[in-house]
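In what follows, chains are A, B, ... by sequence order, proteins preceding strands, each numbered from 1.
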2 protein chains.
Amino acid sequence: MSEKTDRKAGRATADLVAREANVSRVAVSRAFNPNASLKPEKRDRILKVARELNYTPDMAARSLVTRRSHLVGMIVPDVCSPWESQEIDALTTALQAEGFATLLFKAKADFSMDPMLLTYMRGFNPDSVIAFTENIEPDVLSGFLDRAVPIYVIYDDADAFAGRASETLYDRLLVRQKDGIEQAVALLQGYGARRIAYLGGKKQSLANTERERMIAQVLAERGMAPPVIVPGDYTYDTAYRSTLDLFRVGSGADAIFAANDVGAFGAIDALRHELGLSVPGDVKVVGFDDIPQAHWKSYNLTTVRIDLDDRVRALVRLILRRLKTPDADSLVETLTTRLVVRGTVG
Amino acid sequence: MSEKTDRKAGRATADLVAREANVSRVAVSRAFNPNASLKPEKRDRILKVARELNYTPDMAARSLVTRRSHLVGMIVPDVCSPWESQEIDALTTALQAEGFATLLFKAKADFSMDPMLLTYMRGFNPDSVIAFTENIEPDVLSGFLDRAVPIYVIYDDADAFAGRASETLYDRLLVRQKDGIEQAVALLQGYGARRIAYLGGKKQSLANTERERMIAQVLAERGMAPPVIVPGDYTYDTAYRSTLDLFRVGSGADAIFAANDVGAFGAIDALRHELGLSVPGDVKVVGFDDIPQAHWKSYNLTTVRIDLDDRVRALVRLILRRLKTPDADSLVETLTTRLVVRGTVG
DNA sequence: TTGTAGGCGTTATCAA
DNA sequence: TTGATAACGCCTACAA
């Protein structure tokens, strides 16, 4: 039973620090709570002793009484997808700076929300939850959450989502996809495209259905033919095969608007390396997202950009606000999109 | 005070379930603990009531007494990197199946281990920690962990790591890079490469220094000239610029062995799209990792594969074993590498 | 198989 | 500014 106590005797507790520093247990607690009142010199002494003993307050015990876990749950169908991994990275960084840790859960690939998973997650009591899985009603999600208020990402036509409205409280991030889509279509039209194909994303994805709807609408507004719908699922391989089908079985197109950048890559490679067509000479290609790979020289993709930093900042704002004022009215943050012109249209 | 209690009255507790099901509080606890003895029909009734009340045991409270958080910490410098995001994805899936949740932390990009971050993480009491950040001594890391035993990924020459050995317990995953590197060099040599450049990764990365060392060793064993060392940091952009430097300022090479696939992509694009050289005609390129993008037609990269599934399975085995028998001796799992031949050598 | 009692490490409450 | 005391929700004894 030495002063320093042997390392493997287990983790230092507030009691131990208190004894070592000749103060009460409560004082130790206060030393780690910036807005608690404690004589500065006393706090310093306690923190010094704590450092020596390698003490950190136990979040589990703390959360038991404060009802704050400092955990933010993220439910993701596919961590590997470039867009989502970027978003996870940025969100984790931003939340970490605010004292929250990221709790990562993997949902099934079909975008469905496994009730088992939700139940499981509930056990960890996340202060907030961000679901990258879209096809679940706010009511259902919030039924699994206690204090947490869900955040939804919605697109363009807020009314389409209004049908799902209910008494349940939830915050929203509205992405104005139309801005960027209009610019893209105008560019394609300007370069002479007449027959535009939409290479879709996962059917269950709200982002996808809204992109499709919005592209059709913009084409109509500009007096162009409706888009040729090509099935996809956001992956390279499916995009590749669907593009081959479009030109070998179907009747082709002079422009492809892909639901995401990775899909655009698959289309470009199919066109250039298997169909012997030139991009943008024979077929123009536009993507969606503007992931870092979009500027890689092999693709140099013209794409509709959703600004990641803006998006993450907006999400963090929503989360922090809701944590500070749990009963506040629901809030909508808005994000715009814009076309980034590179080399696949021209 | 209705039967069902109003939703926002807060989360259901074991007491509430016990009252509702006419059993004791302990019975509820046992119902959620498969190896506790409880009359089956009683368990069923309790679980049914629990489901109705949307009750889940509170992990924080549970961990306080069991000393098991069911949290696995992952410290990652860059979630976006394709290799790491793959590994996070697979690990999270595997751990989730075993009842563990992933707690994600972002380390600084320079691979250093922020003591603040470690202290912060400690508060969450992870049962295990996987650090993708390599340059930290086991002693330091385990100083911040209580029950958790660190896992290290080491490369080829186990002796090089032995210098860092200490009384501290830690498990190891040994990656035999030499197998794949030998195959790659043999292929390059067979196709006539004489002057091979090594396009490095982050200097602080152990994987990188060992790859460089091993390539030099293999070249020497085969009577070839030592590699031209080209600085890199695993990113596309740096690889791109370094390749330009190699050919414009330096004296070129007839083959480039990149420390990772993304770097190889940068090299290929610089060669083809800016230097006007053909790959593999003028310059052959080999990568490392075999990420999904390596088979994209624009690159079709010949690369040394580290099998992700094997790697994840080995890590999970190490973690679960350590959790089951915390005092077991340290264990080493071994992984091999092999060349995947595609179109950038020939 | 069941129930009672006690404690895990922390913070909120209240009185000094 | 301080300190004693009582929770927080759960699980592990132990005894019935």
Novice: Starting from the C-alpha separation in whole Å, work towards a yes-or-no answer on side chain to side chain contact (heavy atoms under 4.5 Å, CB included) for B:Y170 and B:I151.
Specialist: CA-CA 6 Å; B:Y170 58 94; B:I151 297 176; over 6 Å; no

Novice: Rounded at 0.5 Å granularity, tell me how far OG in B:S128 sits from NE2 in B:H70.
Specialist: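 So the gap between those two atoms works out to 12.5 Å.
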
Novice: What's the CG-P distance between B:L38 and C:dT1, to the nearest Å?
Specialist: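 For the pair B:L38 CG and C:dT1 P, the rounded distance is 8 Å.
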
Novice: Between B:V23 and B:L64, name the one whose nearest nucleotide on DNA chain C is closer to the 5' end.
Specialist: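 Counting from the 5' end, the first nearest nucleotide belongs to B:V23.
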
Novice: State whether the side chain of A:R25 and the backbone N or O of A:A14 hold a donor-acceptor pair below 3.5 Å, judged by distance alone.
Specialist: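 Not at all, since once roles are kept as given, no pair shorter than 3.5 Å links the two residues.
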
Novice: With sequence neighbours left out, write down each residue that passes side chain to side chain contact (heavy atoms under 4.5 Å, CB included) with B:A60, or none if nothing qualifies.
Specialist: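 Checked B:A60 against side chain to side chain contact (heavy atoms under 4.5 Å, CB included); matches are A:A60, A:S63, B:D58.
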
Novice: Taking the ring centre of each residue, are B:Y55 and B:F32 less than 6.0 Å apart?
Specialist: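 Yes, they do, as the ring centres are separated by less than 6.0 Å.
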
Novice: Does any donor atom in the side chain of B:T92 or B:T102 lie under 3.5 Å from an acceptor atom in the other side chain?
Specialist: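 Short answer, yes.
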
Novice: Output, in order, the C-alpha distance, side-chain angles, deciding distance and verdict of side chain to side chain contact (heavy atoms under 4.5 Å, CB included) for B:L53 and B:L16.
Specialist: CA-CA 9 Å; B:L53 294 174; B:L16 184 63; 4.1 Å; yes

Novice: Quick one: CG on B:L174 to CD1 on B:I154, what's the gap to the nearest 0.5 Å?
Specialist: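 B:L174 CG to B:I154 CD1: 5.0 Å, rounded to 0.5 Å.
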
Novice: Scan nucleotides 10-13 of chain C against the protein and return all N/O pairs shorter than 3.5 Å with their distances rounded to 0.1 Å.
Specialist:
| from | atom 1 | to | atom 2 | distance (Å) |
| --- | --- | --- | --- | --- |
| C:dT10 | OP1 | A:Y55 | OH | 2.7 |
| C:dT10 | OP1 | A:D58 | N | 3.2 |
| C:dT10 | OP2 | A:A14 | N | 2.6 |
| C:dT11 | OP1 | A:R62 | NE | 2.8 |
| C:dT11 | OP1 | A:R62 | NH2 | 2.8 |
| C:dT11 | OP2 | A:S29 | OG | 2.4 |
| C:dT11 | O5' | A:S29 | OG | 3.3 |

Novice: Considering residues at least two apart in sequence or located in another chain, which fulfil the side-chain hydrogen bond (donor to acceptor under 3.5 Å, both in side chains) criterion with B:K48?
Specialist: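 With sequence neighbours excluded, B:K48 shows a side-chain hydrogen bond (donor to acceptor under 3.5 Å, both in side chains) to B:E52, given in chain and number order.
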
Novice: Is the Lys NZ or Arg CZ of A:R122 less than 6.0 Å from the centre of A:Y120's six-membered ring, within 45° of the axis?
Specialist: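 No, cation not above the ring by the 6.0 Å, 45° rule.
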
Novice: Going through the checks in order, is the side chain to side chain contact (heavy atoms under 4.5 Å, CB included) test met by A:F105 and A:L118?
Specialist: CA-CA 9 Å; A:F105 295 95; A:L118 286 175; over 6 Å; no

Novice: Taking 5' to 3' order, which nucleotide of DNA chain D is first and which is last to have an atom within less than 4.0 Å of a heavy atom in chain B?
Specialist: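 So the outermost contacting nucleotides come out as D:dG9 to D:dT12.
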
Novice: Determine the minimum heavy-atom distance between B:K106 and A:Q96, stating which atoms define it.
Specialist: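 The answer is N-OE1, 2.8 Å.
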
Novice: If I take atom CG from residue A:N54 and atom OG1 from residue B:T119, how far apart are they, to the nearest 0.5 angstrom?
Specialist: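 Between atom CG of A:N54 and atom OG1 of B:T119 there are 7.0 Å.
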
Novice: To the nearest 10°, let me know how far the axis at one end of the helix from C:dT1-D:dA16 to C:dA16-D:dT1 is tilted from the axis at the other, five pairs an end.
Specialist: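 One end's axis against the other's: 30°.
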
Novice: Is there a residue in residues 39-49 of chain A whose heavy atoms reach under 4.0 Å of DNA chain C, and which residues are they?
Specialist: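 Listed by number, there are none.
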
